[in-house]
Undergrad: 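Here it is: the structure, laid out below.
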Amino acid sequence: MDATNGLQTPQLTFEEEVKAFFDSAPPLQNCAEISEKLKEFIARNSQHSDGNAKRVVCVTSGGTTAPLEQRCVRYVDNFSSGHRGATSTEYFLKAGYAVIFLYRRGSFQPFCRSLPDDPLLECFESNDDSNIRVREVHAEAVKRAIIEHEAAVADGLLLKLPYRTIFEYLQMLQMTAMSMRCLGPRGMFYLSAAVSDYYVPWKDMVEHKIQSGSHLLDVKLVQVPKMLLVLGEEWAPSAFCISFKLETDSNILLKKADKALRKYKMHAVVANELSTRKEEVVVVTSSEKITVRRNTSQPGDDVENPLIKLLSGRHLAYIEESSSIR
Ligand code: 9Z3
């Protein structure tokens, strides 16, 4: 695949690239339903039954696909499992947030991380009367998953919205951000999804399955416009924005995170290296680089535990600071 786009393409401004992306994207199928769910969720948490206006975070999770055919058989994907997003969602809920969980279909889900890969078949068994019961060995994990998930949903604190493609993801992120605008600084974006860097614009994509048989497959991929800038400047200008930077070469990680912080005007960038991402991350802000590690002396602890504590504290300070300058 030629990611350098060997064709002579016209030079577009950034604004034109963004417009071209959205203009050419296939419209979201359940747009009205998503919009209604967002409206209702945000209204409810702006005046929650416990009397407090909640802080609301949009957690993006998993990886986007870039389809190669309109009637998609093949697509470009990435490694992301959604573990970071699902785990962080649990800790955000614990910290008192309402969470919009924008996740890749089929990726890890909050409260289900400790269940086996095939939970339905592995967690349950039938007895002699063909009644279904939970296997003893998984009973604790299943009970915890159900109780904690039910509590979050019953309290109206968790809204789950699935995506698969880069087109769906960016349209849903835009809708979510516009809906969260009314929250001002109480809104937060925690952008842990691994977003495709390159895609085939819908209008340039073949309709039917690409036929095999030729020695070389020549597909032109175009850079996905970095929507982080648009998010912070236009879609939700008062929100607290955290993005992630992933590298496999630890020598360039912090420099790249620092660059992203300034270029996309984020409040913090969480830098992580592929092989150690579950053990430690570095939170890069304009004035600090804070290493956050999983507490290894506490069995089952996650790096997201201290990470969300740190970010939640920073978000509170940001809200106070924003209200004092209004
Ligand atoms: C991350 O860096 C996440 O922490 C991981 C989590 C994807 C590594 P898993 O889902 O992994 O738990 O398996 N996410 C963002 C990666 C990314 O694509 N960042 C962009 C970049 O590096 C900036 S938007 O250019």
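Remember, it's 1-based here, ligands and their atoms both numbered in the order they're listed. Everything numeric in this text was worked out from a predicted model, so none of it was measured.
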Undergrad: What residues form a ring pair (Phe, Tyr, Trp, His ring centres under 6.0 Å) with His267, not counting sequence neighbours?
TA: Phe240, Tyr318
Undergrad: Tell me whether Gln298 at atom CD has more than 12 heavy atoms from other residues, nucleotides or ligands lying less than 6.0 Å away.
TA: yes
Undergrad: Please determine if Glu90 and Lys94 form a salt bridge, counting it only when a charged side-chain N lies under 4.0 Å from a carboxylate O.
TA: no
Undergrad: Kindly print each ligand 1 N/O atom paired with any protein N/O atom under 3.5 angstrom away, one pair per line, or none if nothing qualifies.
TA:
{"residue": "ligand 1", "atom": "2 (O)", "partner": "Asn272", "partner atom": "OD1", "Å": "3.4"}
{"residue": "ligand 1", "atom": "2 (O)", "partner": "Asn272", "partner atom": "ND2", "Å": "3.0"}
{"residue": "ligand 1", "atom": "4 (O)", "partner": "Arg84", "partner atom": "NE", "Å": "3.2"}
{"residue": "ligand 1", "atom": "4 (O)", "partner": "Asn272", "partner atom": "OD1", "Å": "2.6"}
{"residue": "ligand 1", "atom": "10 (O)", "partner": "Ser80", "partner atom": "OG", "Å": "2.7"}
{"residue": "ligand 1", "atom": "10 (O)", "partner": "Ser81", "partner atom": "N", "Å": "3.2"}
{"residue": "ligand 1", "atom": "10 (O)", "partner": "Gly82", "partner atom": "N", "Å": "2.8"}
{"residue": "ligand 1", "atom": "11 (O)", "partner": "Arg277", "partner atom": "NE", "Å": "3.2"}
{"residue": "ligand 1", "atom": "12 (O)", "partner": "His83", "partner atom": "N", "Å": "3.4"}
{"residue": "ligand 1", "atom": "12 (O)", "partner": "Arg84", "partner atom": "N", "Å": "2.9"}
{"residue": "ligand 1", "atom": "13 (O)", "partner": "Ser81", "partner atom": "N", "Å": "3.0"}
{"residue": "ligand 1", "atom": "13 (O)", "partner": "Ser81", "partner atom": "OG", "Å": "2.8"}
{"residue": "ligand 1", "atom": "13 (O)", "partner": "Arg277", "partner atom": "NH2", "Å": "3.0"}
{"residue": "ligand 1", "atom": "14 (N)", "partner": "Ser192", "partner atom": "O", "Å": "2.9"}
{"residue": "ligand 1", "atom": "19 (N)", "partner": "Phe244", "partner atom": "O", "Å": "3.1"}
{"residue": "ligand 1", "atom": "22 (O)", "partner": "Lys245", "partner atom": "NZ", "Å": "3.1"}
{"residue": "ligand 1", "atom": "25 (O)", "partner": "Lys226", "partner atom": "NZ", "Å": "3.4"}
{"residue": "ligand 1", "atom": "25 (O)", "partner": "Lys245", "partner atom": "NZ", "Å": "2.9"}

Undergrad: Any carboxylate oxygen within less than 4.0 angstrom of a Lys/Arg side-chain nitrogen, looking at Arg164 and Glu168?
TA: no
Undergrad: Should the ring pair Tyr97 and His315 be called parallel, tilted or perpendicular, given that the plane angle runs from 0 to 90° and is split at 30 and 60?
TA: parallel
Undergrad: Is Asp155 salt-bridged to Lys54, cutoff N-O under 4.0 Å?
TA: no
